[in-house]
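Atoms within a ligand are numbered from 1 in the order they appear, just like the ligands themselves.
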Amino acid sequence: MNNHDLSKLLSYVLRHKPEELDLTLDEQGWVAVPLLLAAIRRRHPDVTHDQLLEVVASSEKQRFGLSDDGGRIRANQGHSVAVDLGLTPATPPEHLYHGTATRFLDSIRASGLQRGTRQHVHLSADVPTAVAVGSRHGKPLVLTVRAGELHQRGAAFYLSANGVWLTDAVPPEFLHEP
Ligand code: HQG
């Protein structure tokens, strides 16, 4: 299995479907590295400990993190399973960006940004990142979010370990189209 496919598998298992590999995540989303490796190797015997650590270290978006003692691994964000990442509330910059696809615009105009199956709405700190996020869904469209004001009105914001801003929802009146 190549690094790209291993990264995809880790995202799937650590964010959405641990039971796919008969794994359970703890309340903070962690799983012990030896358990994870053994579970992966039952399906993909060519995957090694070194390759697993390499994928964790080299993921360009730092999707995964190791515990301080190196014994456990988790996804840094993007979960649909209920986990408490222990994120500290943070003050966002005045503007953040949300990359989406043009086909979602009518619905977003009506109901704002909704978290859908994920635990949070994901926001980017810069436009190029938002374009990349939106392109995953179709013709990209970048909405500007008045994050500073939304935060002042009481909405909690969190900054994940890999630089993604997270919040519960963004009402339509805090969004600007290009
Ligand atoms: C859209 C990737 C209709 C929303 C990225 C998005 C990110 C609505 C889609 C992370 C809506 C959900 C998350 C509404 C929101 N009506 N559509 N009211 N509100 N949407 O994949 O933000 O590569 O769950 O605009 O980098 O695209 O996985 O969220 O288009 O950080 O590490 O519903 O996933 O990271 O799609 O991406 P997603 P997302 P990884």
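- Close approach of ligand 1 to Ser111 is summarised as follows: ligand atoms under 4.0 Å from at least one heavy atom of the residue are 18 (N).
- Among protein heavy atoms, the minimum distance from atom 8 (C) of ligand 1 is reached at Ile108 CG1, 3.7 Å.
- Judged by distance alone, the side chain of Arg146 and the main-chain N or O of Glu173 form a donor-acceptor pair under 3.5 Å.
- Looking at Arg136, His98, Arg115, Gln62, it is Arg136 that brings a heavy atom closest to atom 37 (O) of ligand 1.
- Distances shorter than 4.0 angstrom do not occur between any heavy atom of Gly134 and any atom of ligand 1.
- Atoms of ligand 1 found under 4.0 Å from any heavy atom of Ser107 (numbered from 1 in listed order, with element): 3 (C), 14 (C), 16 (N), 18 (N).
- Comparing heavy-atom distances from atom 32 (O) of ligand 1 across Lys61, Gln77, Lys8, Arg15 singles out Arg15 as nearest.
- Residue contacts with ligand 1, taken as heavy atom pairs separated by less than 4.0 Å, involve His137 solely via side-chain atoms from C-beta onward.
- With hydrogens and angles ignored, the 3.5 Å screen pairs no side-chain donor or acceptor of Ser59 with any backbone N or O of Val55.
- Residues satisfying the side chain to side chain donor-acceptor pair (under 3.5 Å) criterion with Arg72, sequence neighbours excluded, are absent altogether.
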Inset, instruction - Just do the salt bridge (Lys or Arg N to Asp or Glu O under 4.0 Å) check on Asp106 and Arg109 with the steps written out, would you? - result: CA-CA 5 Å; Asp106 284 347; Arg109 278 178 182 151; 3.3 Å; yes

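- Where the criterion is an N or O separation shorter than 3.5 Å, residue side chain and backbone included, Leu113 fails it with respect to ligand 1.
- Phe104 contributes atom CZ, which lies 12.0 Å from atom CG of Leu143 (distance to the nearest 0.5 angstrom).
- Atom numbering of ligand 1 starts at 1 in the shown order; those under 4.0 Å from a heavy atom of Arg118 are 13 (C), 21 (O), 24 (O), 29 (O), 34 (O), 38 (P).
- Annotation: side chain to side chain donor-acceptor pair (under 3.5 Å) contacts of Thr100 (sequence neighbours excluded): none.
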